[in-house]
J.: 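Provided herewith is a single structure, encoded as structure tokens, for subsequent inquiry.
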Amino acid sequence: MNPRLLLFVCLLSLASVRGQVSYSIPEEMPKGSLVGNIAQDLGLEMKRLISGKAKIYSRSSGEYVELNRERGVLLVKERIDREALCAETALCALHFQIILENPMEHYTVNIQITDINDNAPAFEKTTVEFRISESAVIGSKFELAAAEDLDVENNGIQKYELKPANNFVLNLNNNPDGTKNVEMVLQKPLDREKQEEISLVLTAVDGGEPQMSGTMMIVVTVLDANDNAPVFTQQTYKATVTENSPKGTIVAAVTASDADQGSNSRITYSIKNRGGSLRHLFEINKENGKIVLNENIDYEKSKSFQISIGATDDGGLTDSCKLIVDVLDVNDNKPEINIMSKSNIIPEDAKLNTVVTMIHIEDLDSGDNGKVQCSINENVPFILKSTRNNFYSLQTDSELDRETASEYNITVT
Ligand SMILES: [Ca+2]
Ligand SMILES: [Ca+2]
Ligand SMILES: [Ca+2]
Ligand SMILES: [Ca+2]
């Protein structure tokens, strides 16, 4: 210890302690503000203050307050910031002595500095971001940074609010050191397909007068989960294709949509019919759902096809639909003449309407394309008679005379 200081302390302890006085003032009073009428409160006359060269002695906190001997008062000398002086200690005070000489006297002065609400609660960051899957379970917790308020007691933070409170609620836990753990808890499932980004505001409020608050933005980006299956725009599609259409002809296109994002909505199309000729006849573009002909279609073999088509997303969710393809006929078959029975030789005295040949005509096409007309060359003593279902009979139409004509060549058209 400094020898001079040691001497002074010894002198102080020898001097008579005449009394003490306490004041209480709020922090942040303007310079020159009155702290207290020290002369009156200590019962000292003004001239004694002057003759005794009254002064403040403080080992630490003397600079904040000054003694005005002429007026006998203590005045604020320097700005008193309670937060700088005492930080978190609720009880904050300045202690010093008033010393007089001839004879030596000293008085103890305590000035309690009360807190004013001059600090708003503040968050370290103005915005925090979370990336949370829409599949997060109810009750999932997300820690938020607490705010800080430099003031004490009522002027400190009293409560937190989180808005809006649709998906998340606030949960506060007291730590042993008096601080709070602030977290938001998922209370309603997230749905990226409804809301991809959620903005919330966390507000910390103190209990001062006037009340002050601080806010922090919370931005939640909802990450996609594969919670939607593909859906075809129609359950049944219809298409027509004319037979003999060239290979590669687009027959139809099916479309499915998926409400998810990225690969969770990437759709692959496929034909699901198992085995059979259908798998060879049609091919589907797995990316765009276009169905093309892979081989020639013959109406005479199949008039309609029912194709079962599936859509699958990358996550394995599926939907299916039907495509009915009707085949349109084209006139691609010639009538075919079949001779059922024939007599190459007939007697010249054969009766009228004697059947010489039975024929059946077949056309594989349908409708008008399959209708047949049948005729024979003229100037022969024969007639073609229609019976039913494309059956015809060639019969004699007039008397025959071998001596005039022994042979006839008949063309059926
Ligand atoms: Ca304060
Ligand atoms: Ca405050
Ligand atoms: Ca999906
Ligand atoms: Ca989704």
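These numbers come from the heavy atoms of this one structure, side chains and all, not from hydrogens, waters or symmetry mates. Read the numbers this way: they start at 1 and go in the same order the structure lists the ligands and their atoms.
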J.: Could you check which N/O/S atom of Glu134 is closest to the Ca ion (ligand 4)?
T.: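 Going through the N, O and S atoms of Glu134 one by one, OE2 ends up nearest to the Ca ion (ligand 4).
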
J.: Can you name the nearest heavy-atom pair linking Phe130 to Glu143, along with the distance?
T.: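 Heavy atoms of Phe130 and Glu143 come nearest at CZ-O, 3.6 Å.
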
J.: Answer yes or no for Asp118: is there an N/O/S atom below the 3.0 Å cut-off from the Ca ion (ligand 2)?
T.: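 Coordinating: no.
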
J.: Would you say the side chain of Lys77 lies within less than 4.5 Å of the side chain of Ile56, judging by non-hydrogen atoms?
T.: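 Sidechains of Lys77 and Ile56: no contact.
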
J.: Could you label the plane-to-plane angle of the Tyr269 and Phe232 rings as parallel, tilted or perpendicular, counting under 30° as parallel and over 60° as perpendicular?
T.: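 Aromatic pair Tyr269/Phe232 classed tilted.
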
J.: Which angle, to the nearest 10 degrees, do you find at the Ca ion (ligand 2) between O in Asn155 and O in Asn119?
T.: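 O of Asn155, the Ca ion (ligand 2) and O of Asn119 span an angle of about 160°.
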
J.: Is any side-chain heavy atom of His106 closer than 4.5 Å to one of Leu100?
T.: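 Heavy-atom side-chain distance check fails, nothing below 4.5 Å.
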
J.: Any N/O/S atom, backbone or side chain, of Asp191 lying under 3.0 Å from the Ca ion (ligand 4)?
T.: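 So Asp191 does not bind the Ca ion (ligand 4) by this criterion.
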
J.: Out of Val35, Val65, Leu74, which residue meets the side-chain contact (heavy atoms from CB on, under 4.5 Å) rule with Ile25?
T.: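 The single option meeting the side-chain contact (heavy atoms from CB on, under 4.5 Å) with Ile25 is Val35.
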
J.: Between Glu28 and Arg79, is the closest basic N to carboxylate O distance under 4.0 Å?
T.: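 A salt bridge links Arg79 with Glu28.
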
J.: Ignoring water, what protein N, O or S atoms are under 3.0 Å from the Ca ion (ligand 3)?
T.: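 Listed by chain and number, the nearby protein N, O or S atoms are Asn226 OD1, Asn228 O, Asp258 OD1, Asp258 OD2, Asp260 OD2, Asn264 O, Asp313 OD2.
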
J.: How is the N/O/S atom of Asp206 that comes nearest to the Ca ion (ligand 2) named?
T.: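 Within Asp206, restricted to N, O or S, the Ca ion (ligand 2) is closest to atom OD2.
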
J.: With respect to the Ca ion (ligand 2), please indicate if Asn117 possesses an N, O or S atom at a distance under 3.0 Å.
T.: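 Yes - counting backbone and side chain alike, Asn117 has an N, O or S atom under 3.0 Å.
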
J.: Verify, without hydrogens or angle tests, whether Gln187 (side chain) and Ala165 (backbone) share a donor-acceptor contact under 3.5 angstrom.
T.: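 Side chain of Gln187 to backbone of Ala165: a pair is present.
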
J.: For the atoms OD2 of Asp149 and OD2 of Asp151, give the angle they form at the Ca ion (ligand 2), rounded to 10 degrees.
T.: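 The two atoms form an angle at the metal of about 130°.
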
J.: Using the side chain to side chain donor-acceptor pair (under 3.5 Å) rule, pick out the option among Asp149, Asp206, Asn154 that qualifies with Asn117.
T.: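 Exactly one candidate clears the test, Asp206.
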
J.: Kindly give the heavy-atom pair with the smallest separation between Met184 and Leu162, and that separation in Å.
T.: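 Scanning both residues completely, I find the closest heavy atoms to be CB-CD2, 3.9 Å.
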
J.: Under a 3.5 Å distance rule, please check whether Thr396 uses its side chain to pair with a backbone N or O of Phe382 as donor and acceptor.
T.: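 Not at all, since once roles are kept as given, no pair shorter than 3.5 Å links the two residues.
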
J.: Suppose you place the vertex at the Ca ion (ligand 4); what is the angle out to Asp224 OD1 and Ala225 O, to 10°?
T.: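 Value, to the nearest 10 degrees: 80°.
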
